[in-house]
Undergrad: 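Have a look at the structure that comes next, please.
Throughout, a chain's letter reflects where its sequence line sits, starting with A, and its residues are numbered from 1. Given the structure is predicted, the values throughout are model-derived calculations rather than measurements.
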Number of protein chains: 4
Amino acid sequence: MPENVKTPDPARRSERSRQAILTAATELVSEVGYQKLTIEGVASRAGVGKQTIYRWWPDKGAVVLDAYLALTNADAGLSFPTSDDLEADLKIVLQSTVGQLADDSFARFYRSLLTAIQNDEKLSQQLNERLMGPWLEATKERLRVAGIADVDLDAAVDMFYGSFYYRWLLRTGPLTSEYCDSVIALLLRALRP
Amino acid sequence: MPENVKTPDPARRSERSRQAILTAATELVSEVGYQKLTIEGVASRAGVGKQTIYRWWPDKGAVVLDAYLALTNADAGLSFPTSDDLEADLKIVLQSTVGQLADDSFARFYRSLLTAIQNDEKLSQQLNERLMGPWLEATKERLRVAGIADVDLDAAVDMFYGSFYYRWLLRTGPLTSEYCDSVIALLLRALRP
Amino acid sequence: MPENVKTPDPARRSERSRQAILTAATELVSEVGYQKLTIEGVASRAGVGKQTIYRWWPDKGAVVLDAYLALTNADAGLSFPTSDDLEADLKIVLQSTVGQLADDSFARFYRSLLTAIQNDEKLSQQLNERLMGPWLEATKERLRVAGIADVDLDAAVDMFYGSFYYRWLLRTGPLTSEYCDSVIALLLRALRP
Amino acid sequence: MPENVKTPDPARRSERSRQAILTAATELVSEVGYQKLTIEGVASRAGVGKQTIYRWWPDKGAVVLDAYLALTNADAGLSFPTSDDLEADLKIVLQSTVGQLADDSFARFYRSLLTAIQNDEKLSQQLNERLMGPWLEATKERLRVAGIADVDLDAAVDMFYGSFYYRWLLRTGPLTSEYCDSVIALLLRALRP
DNA sequence: AGGTAACCGAGACGGTACGTCCCGTCTTCTC
DNA sequence: GAGAAGACGGGACGTACCGTCTCGGTTACCT
């Protein structure tokens, strides 16, 4: 099975260029959105040749994902809160999410990412492995710790986060603090025995 | 107040062209997806001048939405089931949704639509007014009829549908029949007093 | 034999664009030479989309040829001089050629054309049909009128013009007035019985 | 006066690489022509780093010239024939030239070389010094030996060779044996008193 | 004999131009 | 006046090479 694809040598990769590209992508996706973001635009702002982007990423979706991961990993320690009050912990998580999405720049970025995913299963997998998956698992673990059992936890966390994503992606309503409370209240009623 | 915008006369509009365009758009969005769908491609397949499309729709998002509406309205009778068994009715609705999304062609179409609205608030509004809104309202009404009260129904229906959209859009898991059951079970536990 | 090639409709061709392209090409070939002339450069200077060039010409060689033809046809009435003094007529022609080639801008243009020809037989044919051929024929006719016979006129005119092209293209020596005289003297000795 | 230009040490030059480069260039110029020949292509086929080419040659024109010289020097003994029959000697030379140009591979190579010198005066000078000049001088000497005098020999040899180059470069006609005879006949008539 | 400087292969880099695909507008001609 | 057709100025695509620049590795000279 002869590999015809020229695979560049990661050892020789320019860290400076990589950073510049991710930064430029981050800025541009916030400024103009995913659809209007162009590889040429990223290359130009990063002061980089287009080929340097195409050498390391297959398409703009991959660049945007990497840019997002670089951004969130920078924020780093995103662990699920673990007090002894489940309701309070859930509220913290939702409010924090709502807070982030209220930032227009971040919102545009995140929306772009989810848009990109729709046409690229590989990208979607990566996002799940490196971001959504761990987070969903952490959420389920928090529920288990709270003594929740005899319940399909996967469905539970999907309802928990899904309600928010649904509202936000389809723009069927605003993400208010009251909405957080309602969702949490309903969830807890569903989970309590 | 002179209107500068050239508003074409809808009376003279060619129904034949309109149909051809919507059909072409429907086919193409299923075949190549939203991103790779082009106005020129639609015009060409529809045997129509590009101007005819630009005259009646502002952009490809609008065409795709119209194509989708034409498709679902054709199926017509989309009313929420109203037996005396709420659980059964909810199951019917979810299973039917799951069934539709299992059709690759439809799934690509629907995914395209949701992609399109991410970058176009006007489109999003239209979709909500003409499709999502009425359906959400019908769902809430069905719950009210079942005697559900003292509960934030908006949050409830968001959790109901959101769980599915979340799984499907983020591809965090498969949409199985068991998953439907789990979601409905949780929802009913949350709604029952 | 189905023609798959999209042949644009010449009737709809924009004369304004055609002129702008030929003018831009003429200027650029004089300024930077053939090798460094780019389609993008021509399009940009002409205020024209690249596609408009690619629609009507197969490559930059064809554009340069057309530009050259437009230039010389503009000068128009290029007919071989016909006095009753053959030597004088030949001298007029050579001196005029030498004069043109002394103009750096024209020289670069002409050199470009001959360069382009070397890698494109079709181009070469066109040049011969529309420029070199008629001119060689006119030269031969002038010799016939002067009563030259029993001689291979094709070889004679090739020696006449070839000597100049040879010097000029290979840069083996300067094109002086004395050189003209020498060539003509030799040619006449070869032709006189 | 400090020399800023990095002059590599010729003593350390790799003869193996030099040969490989010239061979690769020779092959490629015959295969794809001068315009489509690339430094990267030569380096790749020669199994050589690009820098090794740029270290020893200023541009691809210089490489092609060197490749040509290596080729012809290999054939070596290029001395003008000197029998006591001038006409026969001239015929030998022309026929040999025609023979070479009939070889498509050589023809493409030679055409490339002449194309290259059009945009590079330095290259042109080198070609004249090392190839054309000596040969023209040898031709003139042969004519002198034959007792030709009172004639501009420079013009004579230009007409001799020029006729052929003219036909060949402009492709105004085929290079046949009869054409050789015609040119020689005319030349001799011009030179004989 | 060991150190070191230069050449070498490889190929990543910032760029320019390629030739193609569409965009949204404009123009022409037909029905 | 709507519609089919498609040319137009323009922007971006993804690719091919440019000429420069590191990066080990391998010579070949010089202490």
Undergrad: When the distance from CD1 of B:I21 to P of F:dA4 is rounded to whole Å, what number comes out?
TA: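 It works out to 7 Å between those atoms.
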Undergrad: Using the ring of A:W57 (Phe, Tyr or Trp, six-membered ring only), decide whether A:R13 places NZ or CZ under 6.0 Å from its centre and within 45 degrees of its axis.
TA: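 Flagged: A:R13 positioned over aromatic ring of A:W57.
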Undergrad: Using whole Å, report how far CG of A:D9 lies from P of F:dG25.
TA: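 Roughly 12 Å, once rounded to whole Å.
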Undergrad: Got a salt bridge between B:E31 and B:R45, using NZ or NE/NH1/NH2 to carboxylate O under 4.0 Å?
TA: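 A salt bridge is present here (some side-chain N lies under 4.0 Å from a carboxylate O).
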Undergrad: Assign each of A:E15 and B:E40 to its nearest nucleotide of DNA chain E by heavy atoms, then name whichever residue's nucleotide is nearer the 5' end.
TA: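 Whichever sits nearer the 5' end wins; that is A:E15.
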Undergrad: Would one find more than 12 heavy atoms of other residues, nucleotides or ligands at under 6.0 Å from atom CZ of D:R55?
TA: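 More than 12 within 6.0 Å, yes.
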Undergrad: Between P on E:dG9 and CD1 on D:I39, what's the gap in Å once rounded to a whole number?
TA: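 Atom CD1 in D:I39 sits about 14 Å away from atom P in E:dG9.
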Undergrad: Might you point out which heavy atoms bring B:V42 and B:I21 nearest each other, and give the distance in Å?
TA: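 Minimum heavy-atom contact is CG1-O, 3.8 Å.
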Undergrad: Between D:G47 and A:A46, which residue's closest nucleotide on DNA chain E lies nearer the 5′ terminus?
TA: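 First, find each residue's nearest nucleotide; the 5'-ward one identifies D:G47.
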Undergrad: Between A:R16 (CZ) and E:dA12 (C1'), how many Å, whole number?
TA: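 Checked: the CZ to C1' distance equals 14 Å.
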Undergrad: Can you see whether A:Q19 engages A:E15 through a side-chain donor-acceptor pair at a distance of less than 3.5 angstrom?
TA: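 Yes, a side-chain donor-acceptor pair sits under 3.5 Å.
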Undergrad: For C:Y34 and C:F109, I'd like to know if the aromatic rings sit close, meaning centre-to-centre distance below 6.0 Å.
TA: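 Distance test on ring centres: not under 6.0 Å, no.
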Undergrad: Which residues in residues 50-61 of chain D have a heavy atom closer than 4.0 Å to any atom of DNA chain E?
TA: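 Those residues are D:K50, D:T52, D:R55, D:W56.
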Undergrad: Over all heavy atoms of both residues, which pair between A:N119 and B:R171 is shortest? Give the atoms and the distance, please.
TA: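 Closest approach of A:N119 to B:R171, heavy atoms only: N-NH2, 4.2 Å.
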Undergrad: At under 4.0 Å between heavy atoms, what does B:G41 touch on the DNA or RNA strands: base, sugar-phosphate, or nothing?
TA: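 Nothing, no nucleic acid heavy atom in range.
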Undergrad: Using atom CZ of A:R13 as one end and atom P of E:dC13 as the other, report the distance to the nearest whole Å.
TA: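 Distance check: A:R13 CZ to E:dC13 P gives 8 Å.
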Undergrad: Return the CG to NZ distance between D:L65 and D:K122, rounded to the nearest 0.5 Å.
TA: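 One finds 12.5 Å between CG of D:L65 and NZ of D:K122.
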Undergrad: Note down the inter-axis angle between the two ends of the helix from E:dG3-F:dC29 to E:dC31-F:dG1, five pairs each, to the nearest 10°.
TA: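 End-to-end axis angle for the helix from E:dG3-F:dC29 to E:dC31-F:dG1: 10°, rounded to 10°.
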Undergrad: For atom CG of B:D9, is the number of surrounding heavy atoms from other residues, nucleotides or ligands below 6.0 Å larger than 12?
TA: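 It does: B:D9 CG has more than 12 such atoms within range.
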Undergrad: Check the phosphate of E:dG14 against A:S17, side-chain N and O only, distance under 4.0 Å to OP1 or OP2. Yes or no?
TA: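 The answer is yes; a side-chain N or O of A:S17 sits under 4.0 Å from OP1 or OP2.
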Undergrad: Closest approach to the side chain of A:R12, judged atom by atom: which nucleotide of E:dC7, E:dG9, F:dC13 is it?
TA: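 Between E:dC7, E:dG9, F:dC13, the one nearest the side chain of A:R12 would be E:dG9.
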